[in-house]
There are 2 protein chains.
Amino acid sequence: MSTVTQTPCVGRPRAFDTDDALEKALEVFWRKGYEGTSLTDLTQAMGINKPSLYAAFGNKEQLFLKAIELYEQRPCAFFYPALEQKTAYQVVESMLMGAASSFVDKSHPQGCLIVQGALACSEAGQAIKDTLISRRRDGEIALCERLQRAKDQGDLPVNADPLLLSRYIGTVLQGMAVQATNGICPQELRKVAELVLANFPRNHALS
Amino acid sequence: MSTVTQTPCVGRPRAFDTDDALEKALEVFWRKGYEGTSLTDLTQAMGINKPSLYAAFGNKEQLFLKAIELYEQRPCAFFYPALEQKTAYQVVESMLMGAASSFVDKSHPQGCLIVQGALACSEAGQAIKDTLISRRRDGEIALCERLQRAKDQGDLPVNADPLLLSRYIGTVLQGMAVQATNGICPQELRKVAELVLANFPRNHALS
DNA sequence: AAATTTATGTACCGATAGGTATTAAATTAA
DNA sequence: TTAATTTAATACCTATCGGTACATAAATTT
């Protein structure tokens with residue numbers, strides 16, 4: 001690990017753990033979105049004051065960027081790992097089921113930070129909004145490439161359209177994130193995911 | 001119509017048209033969300049100053065509520081009218097195709113105000129967030145009732161689950177709204193809608 | 001022990017947030 | 001013509017926004 005907590009050798013030692021503080025910041029951003037989160041919200045949740053925050057993380061925008069990095073590695077860690085499943089069906093199954101558990105997990109805010117972090121915002125948040133759009137697109141591109149590979153290997157019907165399928169799954173995942181913020185209960189969200197799966201094309205011979 | 005522009009008989013006449021002003025406000029809220037929109041954004045777009053806004057619409061929150069009412073009657077007017085289609089399939093087809101055109105229509109902001117108006121926000125916006133959640137839920141409930149009626153009339157397979165189907169279609173619609181903010185092009189969004197339709201259960205004997 | 005370096009805490013910065021008091025202007029009713 | 005009524009425009013209110021200056025505290029280096 002590169003970001004292991006290594007106390008700098010000189011000067012007064014930091015009185016807080018940056019990883020813990022980042023995790024607290026992530027939770028606030030997740031719940032309130034980028035612009036809905038104030039510096040006061042952050043410092044209170046992180047248990048530090050503003051100069052410490054700025055010294056450790058730069059500014060609000062850079063802190064948010066670090067938060068979404070942590071987000072994609074930690075609680076929402078169902079997406080990219082799912083790509084490594086053996087079959088296209090299992091990839092999509094892993095994604096949909098992962099989303100169905102993560103988005104409504106009561107141990108953290110509901111929904112998906114990448115979707116609700118800055119879906120609509122003022123000019124001041126445009127850069128963050130664009131960053132989140134890119135993250136969503138990147139996910140779909142990665143899924144598309146995975147499905148294309150599956151098709152090339154005969155793991156999807158010859159008439160399957162990887163680009164369309166990845167857009168469709170991306171749409172469902174983003175919709176599930178909204179459903180989670182609506183307060184849908186876990187079982188219901190899971191049933192939606194299962195319905196999508198039931199219609200997903202597969203070569204029974206291979207799976 | 002109840003809100004027809006009727007000049008009050010006494011006092012200085014209003015120098016702006018409230019319907020026009022509301023339409024301008026709607027567009028700003030649509031683009032920037034409830035909390036991302038400032039009073040200055042609103043007054044500039046509406047061409048009026050703050051006291052006029054407050055006299056005519058109450059405050060920012062009430063103005064937003066009037067904006068979402070207008071929104072559901074005007075540009076986003078594909079949802080509830082779709083319920084009156086003859087068959088369940090046609091209802092869903094009308095909704096999905098309506099969304100596929102409305103959400104990416106270049107004559108107004110991309111996406112759906114009911115989804116992106118306040119998906120995540122500060123405590124100050126909680127009431128608006130809850131209102132939008134209710135609107136989303138109400139739409140799904142109405143669709144569910146319509147599909148149940150269809151099932152009762154033999155217009156859906158006997159094993160069809162109206163509640164699950166309405167949640168699924170709601171999820172897809174909300175996901176399509178996010179896709180629209182991502183900047184997906186109209187044809188691609190339409191193809192997603194068509195894919196969903198292709199898997200929607202129907203009794204061919206009836207449609 | 002002194003000098004250096006880094007972090008903490010308080011207090012503050014200009015800008016902007018939503019909202020309003022007040023006065024002038026424009027209309028109708030008397 | 002005057003009084004009553006409503007709107008318009010400016011200026012202002014308090015609170016909070018993101019961000020920082022500055023003095024103090026705590027560690028290491030010399």
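Naming convention: chains lettered A, B, ... in sequence-line order (proteins, then strands); numbering from 1 in each chain. All values below come from the heavy atoms of this structure, side chains included, with hydrogens, waters and symmetry mates left out.
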Could you tell me how the ring of A/Trp30 sits relative to the ring of A/His108: parallel (under 30°), tilted (30 to 60°) or perpendicular (over 60°)? parallel

Whole-Å gap separating C1' (D/dT10) and CD1 (B/Ile48): 15 Å

Residues passing the side chain to side chain contact (heavy atoms under 4.5 Å, CB included) test with A/Ala127, sequence neighbours excluded, are A/Glu61

Report yes or no: is the cationic atom of B/Lys66 (NZ for Lys, CZ for Arg) under 6.0 Å from the centre of the six-membered ring of B/Tyr71, at an angle within 45° of the ring normal? no

Point-to-point distance, once rounded to the nearest 0.5 Å, from CZ of B/Arg74 to CG of B/Leu26: 9.0 Å

First locate atom CD1 of A/Ile48, then atom OG1 of A/Thr43, and finally report the distance between them rounded to the nearest 0.5 Å. 7.5 Å

Which part of the nucleic acid does B/Ala55 contact within heavy-atom distance under 4.0 Å: base, sugar-phosphate only, or nothing? nothing

Rounding to an integer number of Å, can you tell me how far B/Phe16 CZ sits from C/dA25 P? 20 Å

Lys/Arg cation over aromatic A/Tyr54: A/Lys60, 6.0 Å, 45° cone: no

Tell me the interatomic distance from B/Arg14, atom CZ, to D/dA8, atom P, rounded to whole angstroms. 7 Å

For A/Asn49 and C/dT8, is the shortest distance between a side-chain N/O and OP1 or OP2 below 4.0 Å? no

Below 4.0 angstrom, which residues in residues 120-132 of chain A have at least one non-hydrogen atom near DNA chain C? none

Among all residues two or more places apart in sequence or in another chain, which pass the side-chain hydrogen bond (donor to acceptor under 3.5 Å, both in side chains) test with A/Ser122? A/Glu35

Non-neighbouring partners of B/Asp161 that pass side chain to side chain contact (heavy atoms under 4.5 Å, CB included), sequence neighbours left out: A/Lys191, B/Leu163, B/Leu164

Looking only at the side chains, is there a donor atom on one of A/Gln179 and A/Gln110 sitting less than 3.5 Å from an acceptor on the other? no

Can you tell me how far CG of A/Leu70 sits from CG of A/Leu113, rounded to the nearest 0.5 angstrom? 10.0 Å

When you compare the protein's N or O atoms with those of nucleotides 23-27 of chain D, which come within less than 3.5 Å of each other, and at what distance?
{"from": "D/dA25", "atom 1": "N3", "to": "A/Arg12", "atom 2": "NH1", "distance (Å)": "3.2"}

Given D/dA8, is OP1 or OP2 found less than 4.0 Å from the side-chain N or O atoms of B/Ser52? yes

Look for any protein N or O under 3.5 Å of an N or O in nucleotides 16-21 of chain C and output each such pair with its distance, or none.
{"from": "C/dA17", "atom 1": "OP1", "to": "B/Ser38", "atom 2": "OG", "distance (Å)": "3.4"}
{"from": "C/dG18", "atom 1": "OP1", "to": "B/Thr37", "atom 2": "O", "distance (Å)": "3.1"}
{"from": "C/dG18", "atom 1": "OP1", "to": "B/Lys60", "atom 2": "NZ", "distance (Å)": "2.7"}
{"from": "C/dG18", "atom 1": "OP2", "to": "B/Leu39", "atom 2": "N", "distance (Å)": "2.6"}
{"from": "C/dG19", "atom 1": "OP2", "to": "B/Tyr54", "atom 2": "OH", "distance (Å)": "2.6"}
{"from": "C/dG19", "atom 1": "OP2", "to": "B/Lys60", "atom 2": "N", "distance (Å)": "3.3"}
{"from": "C/dG19", "atom 1": "O5'", "to": "B/Tyr54", "atom 2": "OH", "distance (Å)": "3.1"}
{"from": "C/dG19", "atom 1": "N7", "to": "B/Lys50", "atom 2": "NZ", "distance (Å)": "3.3"}
{"from": "C/dG19", "atom 1": "O6", "to": "B/Lys50", "atom 2": "NZ", "distance (Å)": "2.2"}

Trace of the side-chain contact (heavy atoms from CB on, under 4.5 Å) decision for B/Thr171 with A/Val196: CA-CA 11 Å; B/Thr171 302; A/Val196 173; over 6 Å; no

